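All of these numbers come straight from a predicted model, not from anything done at the bench.
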Amino acid sequence: MALDDQKSSGFKFVGTSPDRPDGLDKVTGRARFGADAYAPGMLHGAVVRSPHAHARIIRIDTSKAEALEGVKAVVTRADFVDGLHGEFGFVLENVMAGEKALYDGHAVAAVAASSQLIARDAVKLVEVEYEVLPHVTDVDAAMAENAPVLNDSYADASVPAGHHPNVVRYHDSGHGDVDAGFAEADLVIEDSFKTEATHQGYIEPHACLASLGGDGKGELWCTTQGHWIAQKTCAALVGIDTSQLRVTASEIGGGFGGKTTVFIEPVALALSRKANRPVKIVMTRSEVFRATGPTSSTSMDIKIGMKKDGTITAAQGIFRLQGGAFPGAPMEFSAMCAFAPYALTNVHQVGYDVISNRPKQAAYRAPGAPMASFAVESVIDELCSQLDLDPIDVRLKNASREGTKASYGPKFERIGLVETLEAAKAHPHYSAPLEPGQGRGISCGFWFNHGGETSVSLALSEDGTCQISVGTPDIGGSRASMALMAAEELGIPYENIRVTIADTATLGYNDVSHGSRVTYASGLATIKAAKDAVGKLCKRAAAKWGIPEDAVYWEDGCAKPSGANAGNFDPMPLAKITKSMGRTGGPISGHFEATPEGAGVSFGTHIVDAEVDPETGKTAVVRYTVIQDAGKAIHPSYVEGQFQGGAAQGIGWALNEEYIYGEDGRLQNSIFLDYRVPVASDLPMIDTVIVEVPNPGHPYGVRGVGETGIVPPLAAIANAVSAAAGVRLRHLPMSPPRILRALKDNG
């Protein structure tokens with residue numbers, strides 16, 4: 001699985017940017033997304049949701065709903081498996097409330113009816129009696145001594161004694177002596193920061209079509225980033241064997257981590273079993289905001305010491321994240337990513353996972369890392385400013401390199417942070433003059449990347465074409481990347497390869513499309529599966545020529561004798577071998593499965609120019625440059641798209657987007673009119689620079705690129721806005737009211 005130096009030095013297909021194979025279907029409307037599935041006799045489902053942030057469920061009366069003509073089934077918590085523990089238990093509690101409703105929008109019952117209109121009417125007829133309880137939605141307030149207790153049994157053994165029961169997990173890591181390090185510094189800055197929860201903002205809402213019969217066999221069609229985890233989770237929640245539930249992933253209209261879990265799928269299955277009919281559920285946009293996973297909101301304290309020459313002597317961070325009403329806030333990722341770009345002798349980071357009366361958080365590209373980067377890079381920017389040091393030179397001086405002991409423990413292998421910083425310093429953007437009222441910001445960012453269980457099958461056809469079955473839903477153009485890598489190995493045209501996302505009944509287990517793993521892990525498996533097929537092609541050629549297998553090699557889509565001693569034979573093209581494969585041993589295919597461990601890590605550096613209107617507090621990002629190490633860009637234009645997408649989402653997170661809860665604990669901005677994501681007019685042209693420092697753990701040197709791009713924007717934009725405004729902004733988003741308040745407080 002290691003880097004193939006010979007192969008990675010020259011490619012024919014990899015590194016080009018052909019049209020995506022699913023592009024025509026998507027631009028013509030032929031592609032089938034979550035809500036596009038229909039079945040004979042299909043019913044429509046709708047969910048009853050709590051209007052309270054925290055309430056005990058005293059009684060649920062479904063009789064009026066059940067009596068409504070057209071209603072075929074009603075389910076409550078009693079219709080799911082009882083006694084689930086651990087992660088399945090948390091998912092079940094989130095999917096359908098038990099004793100208590102824990103946030104505004106928490107599901108408490110569901111109905112299935114012959115039409116959407118009847119289902120919505122039936123929801124209003126379900127009578128729920130609540131005992132309203134005190135609630136808390138802020139992370140710091142949830143840790144306070146007098147905060148209401150959501151569940152006093154969630155805290156694990158890692159939490160030190162003396163903390164509120166809402167603190168459910170604890171992380172502590174680092175090395176060296178931070179007190180000694182701070183004593184060596186010429187300047188120490190300690191500051192506090194907050195970020196608000198944001199949603200992934202995917203265009204397509206959650207949708208599914210479920211069918212579960214009395215025989216315990218089911219079918220599920222859904223929009224998901226991981227249909228095997230959906231299969232496993234849903235089967236556990238409705239009490240059937242995993243193998244009896246076949247799950248097919250639809251095309252996906254955006255996920256960004258928010259579709260790595262289940263929300264409505266088990267509900268649709270339970271309704272289907274009760275009605276003995278297929279049931280379709282499509283969330284409204286308001287339901288998506290109120291009841292699916294946003295990112296965590298945070299409260300962070302950062303302390304960094306620096307010498308006059310720019311050397312960082314010590315760094316310390318405390319990261320408090322609320323993950324909604326259940327454990328799982330990615331505080332350990334915040335802590336581990338915070339100082340990862342820097343080679344530090346003395347570093348210490350602590351993380352707190354805190355529950356509150358909000359929906360269960362879900363991943364949002366590099367979960368936990370953007371918030372930590374915002375806090376740390378803001379302090380580094382302030383240190384550079386007060387010591388009159390160049391912000392890129394300081395980062396280069398302290399940058400992690402190959403062999404650096406990471407802040408969270410292991411030593412880095414070959415990494416490309418220095419190369420991204422050098423590219424940033426050489427970029428025309430960094431030396432371009434600024435207009436009055438503008439400021440420039442710099443930030444570095446880091447993400448781990450992930451391998452995960454992966455399985456790929458590759459089959460050759462008699463006409464010399466190829467079909468590849470992968471198990472990772474395509475959320476960023478991965479079909480094209482798989483086809484390019486297979487074309488590289490097989491030596492046949494990209495257009496002769498078809499990539500299909502297999503369902504759970506036709507391929508071995510595959511982990512979720514998350515952790516920037518798909519191009520790395522599924523790509524590695526595709527390469528290995530292609531090599532497996534190539535070995536069989538060479539064997540067929542050897543048999544035809546009557547020479548040993550090891551006397552044949554593969555080049556440019558042909559089997560060739562390895563030298564004059566092997567015989568004087570003309571190259572045998574793939575299509576010629578496959579044309580006769582039925583008579584020479586049968587079908588030729590390749591397969592590979594593994595849990596690859598060499599995903600490597602990824603770094604990026606962003607440059608941002610922003611301007612601020614001091615009269616209104618309005619901000620605008622006027623120039624943006626993303627520089628990131630991709631290892632090897634398989635499809636460069638898709639890589640650039642990932643870079644630009646991360647920056648665009650970061651702009652929204654930094655300037656506008658936030659969950660706003662009222663004093664009653666209810667979400668006040670649950671539609672896109674009130675939750676403002678950036679539109680085209682809010683964004684500048686986003687320039688990109690692809691740095692390629694090969695990952696030693698992949699045959700082509702690939703590093704995941706999907707998540708690192710969202711790590712630096714919050715800090716880079718905050719540094720630019722702070723420079724433009726002349727005052728440090730410590731609370732995201734930097735909305736006009738917050739900027740005006742900061743300007744006023746600064747005098």
J.: Side chains of P596 and Y520: closer than 4.5 Å at any heavy-atom pair?
T.: yes
J.: Using side-chain heavy atoms (C-beta onward) and a distance below 4.5 Å, is F643 in contact with I627?
T.: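 In short, these two side chains do not touch, never coming nearer than 4.5 Å.
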J.: Are any side-chain N or O atoms of Y364 and backbone N or O atoms of T295, one a donor and one an acceptor, separated by less than 3.5 Å?
T.: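 No; zero donor-acceptor contacts below 3.5 Å.
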J.: Side-chain donor-acceptor pair under 3.5 Å between D511 and H450, yes or no?
T.: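 Yes, because at least one side-chain N or O of D511 sits under 3.5 Å from a partner of the opposite role on H450.
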J.: Is the side chain of H175 donor-acceptor paired with the backbone N or O of L344 at a distance under 3.5 Å, no angle test?
T.: yes
J.: Without swapping roles, check the side chain of R401 against the backbone of G416 for a donor-acceptor pair under 3.5 Å.
T.: no
J.: Salt-bridge test for D687 and R623: reply yes if a basic N is under 4.0 Å from a carboxylate O, no otherwise.
T.: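 So D687 does not pair with R623 through a salt bridge.
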J.: Distance-only, no hydrogens or angles: does the E377 side chain make a donor-acceptor pair with backbone N or O of C444 under 3.5 Å?
T.: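 Yes, the answer is positive, given that a donor and an acceptor are paired below the 3.5 Å cut-off.
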J.: So how far is it from I634 CD1 to L484 CG, rounded to the nearest 0.5 Å?
T.: 7.5 Å
J.: With a 6.0 Å cut-off on ring centres, are Y170 and Y352 close enough?
T.: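 Yes, close enough.
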J.: Measuring from atom OG of S602 to atom CG of L417, what distance do you get when rounded to the nearest 0.5 angstrom?
T.: 10.0 Å
J.: Please evaluate residues H348 and D172 with respect to the criterion side-chain hydrogen bond (donor to acceptor under 3.5 Å, both in side chains), reporting the C-alpha separation (whole Å), side-chain torsions for both, the decisive distance (0.1 Å), and the verdict.
T.: CA-CA 8 Å; H348 182 219; D172 189 316; 2.9 Å; yes
J.: Under the 6.0 Å and 45° cation-pi test, does R20 pair with Y638?
T.: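 The answer is yes; both the distance and angle limits are met.
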J.: Which atoms form the tightest heavy-atom contact between Q361 and P330, and what is the distance?
T.: OE1-CD, 3.7 Å
J.: Could you grab the distance from atom CG of N510 to atom OG1 of T504, nearest 0.5 Å is fine?
T.: 11.0 Å
J.: If I take atom CD1 from residue I475 and atom NZ from residue K259, how far apart are they, to the nearest 0.5 angstrom?
T.: 10.5 Å
J.: I'd like to know if the side chain of Q467 pairs up with that of S461 as donor and acceptor (distance under 3.5 Å, no hydrogens or angles considered).
T.: yes
J.: Do L3 and N695 make a side-chain contact, defined as non-hydrogen atoms from C-beta onward lying under 4.5 Å apart?
T.: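 When only atoms from C-beta onward are counted, N695 and L3 do not touch, as no gap falls below 4.5 Å.
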J.: Just how far is it from atom CG of N719 to atom CZ of F374, taken to the nearest 0.5 Å?
T.: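 Interatomic distance, N719 CG to F374 CZ, rounded to 0.5 Å: 8.5 Å.
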J.: Between S469 and S457, does any side-chain donor sit less than 3.5 Å from a side-chain acceptor?
T.: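 No.
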J.: Less than 4.5 Å apart, any side-chain heavy atom of V470 and any of V499?
T.: yes
J.: Can you find a pair of side-chain heavy atoms, one from I577 and one from P573, that are under 4.5 Å apart?
T.: no
J.: Ignoring hydrogens and geometry beyond distance, is a side-chain donor-acceptor pair present between H606 and S443 at under 3.5 Å?
T.: no
J.: Please check if any side-chain donor atom of T260 sits under 3.5 Å from a side-chain acceptor atom of Q225, or the reverse.
T.: no
J.: Would the Y408 and F339 ring centres measure less than 6.0 Å apart?
T.: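 Aromatic pair excluded; centres sit 6.0 Å or further apart.
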J.: Taking the six-membered ring where the residue is Trp, are the ring centres of Y202 and F256 under 6.0 Å apart?
T.: no
J.: When you check the gap from the basic side-chain N to the acidic O, do K307 and D309 get nearer than 4.0 Å?
T.: no
J.: Take S481 and H635 through the test side-chain hydrogen bond (donor to acceptor under 3.5 Å, both in side chains) and record every step on the way to the result.
T.: CA-CA 6 Å; S481 297; H635 192 296; over 6 Å; no
J.: Ignoring hydrogens and angles, tell me if any N or O in the side chain of T506 forms a donor-acceptor pair with the backbone of A502 under 3.5 Å.
T.: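 Not confirmed, T506 side chain does not pair with A502 backbone.
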J.: Is the closest basic N to carboxylate O distance between R169 and E332 below 4.0 Å?
T.: yes
J.: Which pair of non-hydrogen atoms, one from K536 and one from I588, has the smallest distance, and what is that distance?
T.: CB-CG2, 4.0 Å
J.: Which atom names give the shortest non-hydrogen contact between R414 and P696, and what distance separates them?
T.: CB-CD, 4.1 Å
J.: Examine the side chains of D19 and Y494 and answer whether a donor and an acceptor come within less than 3.5 Å of each other.
T.: no
J.: Is there a side-chain contact (heavy atoms from CB on, under 4.5 Å) between E640 and I690 once you walk through the steps?
T.: CA-CA 7 Å; E640 290 176 348; I690 300 174; 3.8 Å; yes
J.: Describe, in one word, how the ring planes of F603 and F446 are oriented to each other, choosing from parallel (under 30°), tilted (30 to 60°) and perpendicular (over 60°).
T.: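 Rings of F603 and F446: tilted, as their planes differ by 30° to 60°.
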J.: Would you say that I651 contacts P713 through its side chain, given a criterion of any heavy-atom pair below 4.5 Å between the two side chains?
T.: no
J.: Can a salt bridge be assigned to the pair K528 and D532 using a cut-off of 4.0 Å between side-chain N and carboxylate O?
T.: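 No, K528 and D532 are not salt-bridged.
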J.: Test Q349 against S173 for side-chain hydrogen bond (donor to acceptor under 3.5 Å, both in side chains), laying out the working first.
T.: CA-CA 6 Å; Q349 51 258 334; S173 63; 2.9 Å; yes
J.: Should V691 and Q628 be marked as a side-chain contact (heavy atoms from CB on, under 4.5 Å) after you check the CA-CA gap, both sets of side-chain angles, and the distance that decides it?
T.: CA-CA 6 Å; V691 171; Q628 185 175 320; over 6 Å; no
J.: Of all heavy-atom pairs between D629 and V693, which one has the smallest distance, and what is that distance?
T.: OD1-N, 3.0 Å
J.: Testing the 3.5 Å rule here: is there a donor-acceptor pair between the side chains of H171 and D353?
T.: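 Checked: H171/D353 side chains show no N/O donor-acceptor pair below 3.5 Å.
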J.: Mind telling me whether F333 and W447 have parallel, tilted or perpendicular rings, with 30° and 60° as the class edges?
T.: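 Perpendicular.
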J.: Whether the side chain of S400 engages the backbone of Y342 through a donor-acceptor N/O pair (distance < 3.5 Å, no angle test) should be reported.
T.: yes
J.: Can you measure from NE2 (H227) to OG (S513) and round to the nearest 0.5 angstrom?
T.: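 The OG atom of S513 is 8.5 Å from NE2 of H227, to the nearest 0.5 Å.
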J.: Quick check on E402: does its CD atom have over 12 non-hydrogen neighbours (other residues, nucleotides or ligands) under 6.0 Å away?
T.: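 Above 12, so yes.
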J.: Answer yes when K12 and E488 have at least one side-chain N-carboxylate O distance shorter than 4.0 Å, and no when they do not.
T.: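 Salt bridge: no.
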J.: Main chain of I686, side chain of Q644: is a donor-acceptor contact present, judged purely on distance under 3.5 Å?
T.: yes
J.: Dump the intermediate steps for side-chain hydrogen bond (donor to acceptor under 3.5 Å, both in side chains) on E489 and Y700, then the final yes or no.
T.: CA-CA 11 Å; E489 290 295 327; Y700 294 176; 2.6 Å; yes
J.: Restricting to non-hydrogen atoms, name the atom on A338 and the atom on F319 that form the minimum distance, rounded to 0.1 Å.
T.: CB-CZ, 3.4 Å
J.: Hey, is E597 close enough to R517 for a salt bridge, meaning N to O under 4.0 Å?
T.: no
J.: Taking C-beta and beyond as the side chain, do E593 and T454 meet within less than 4.5 Å on heavy atoms?
T.: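 The answer is no, as the side chains (C-beta and beyond) never meet within the 4.5 Å cut-off.
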J.: Mind running side-chain contact (heavy atoms from CB on, under 4.5 Å) on V350 and Q316 for me, showing each step along the way?
T.: CA-CA 8 Å; V350 170; Q316 183 173 301; over 6 Å; no
J.: Minimum heavy-atom separation for L458 and C466, please, with both atom names.
T.: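 Where L458 meets C466 most closely, the heavy atoms are CG-SG, 3.5 Å.
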J.: Is the closest side-chain heavy-atom distance between I501 and T472 below 4.5 Å?
T.: no
J.: Is it true that a side-chain atom of E692 and a backbone atom of A633 form a donor plus acceptor pair closer than 3.5 Å?
T.: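 Yes; judged by distance alone, with no hydrogens or angles, the pair exists.
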J.: Could you tell me whether the side chains of T298 and T195 share a donor-acceptor contact shorter than 3.5 Å?
T.: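 Side-chain D/A pair, T298 to T195: present.
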J.: Just by modelled atom types, is the R479 backbone N or O under 3.5 Å from a matching donor or acceptor in the D474 side chain?
T.: yes
J.: Has R703 got a side-chain atom pairing as donor or acceptor with V601's backbone, closer than 3.5 angstrom?
T.: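 Side chain of R703 to backbone of V601: a pair is present.
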J.: Check this for me, if you would: do R365 and E707 make a salt bridge, where the nitrogen-to-carboxylate-oxygen distance has to be below 4.0 angstrom?
T.: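 Salt bridge absent between R365 and E707.
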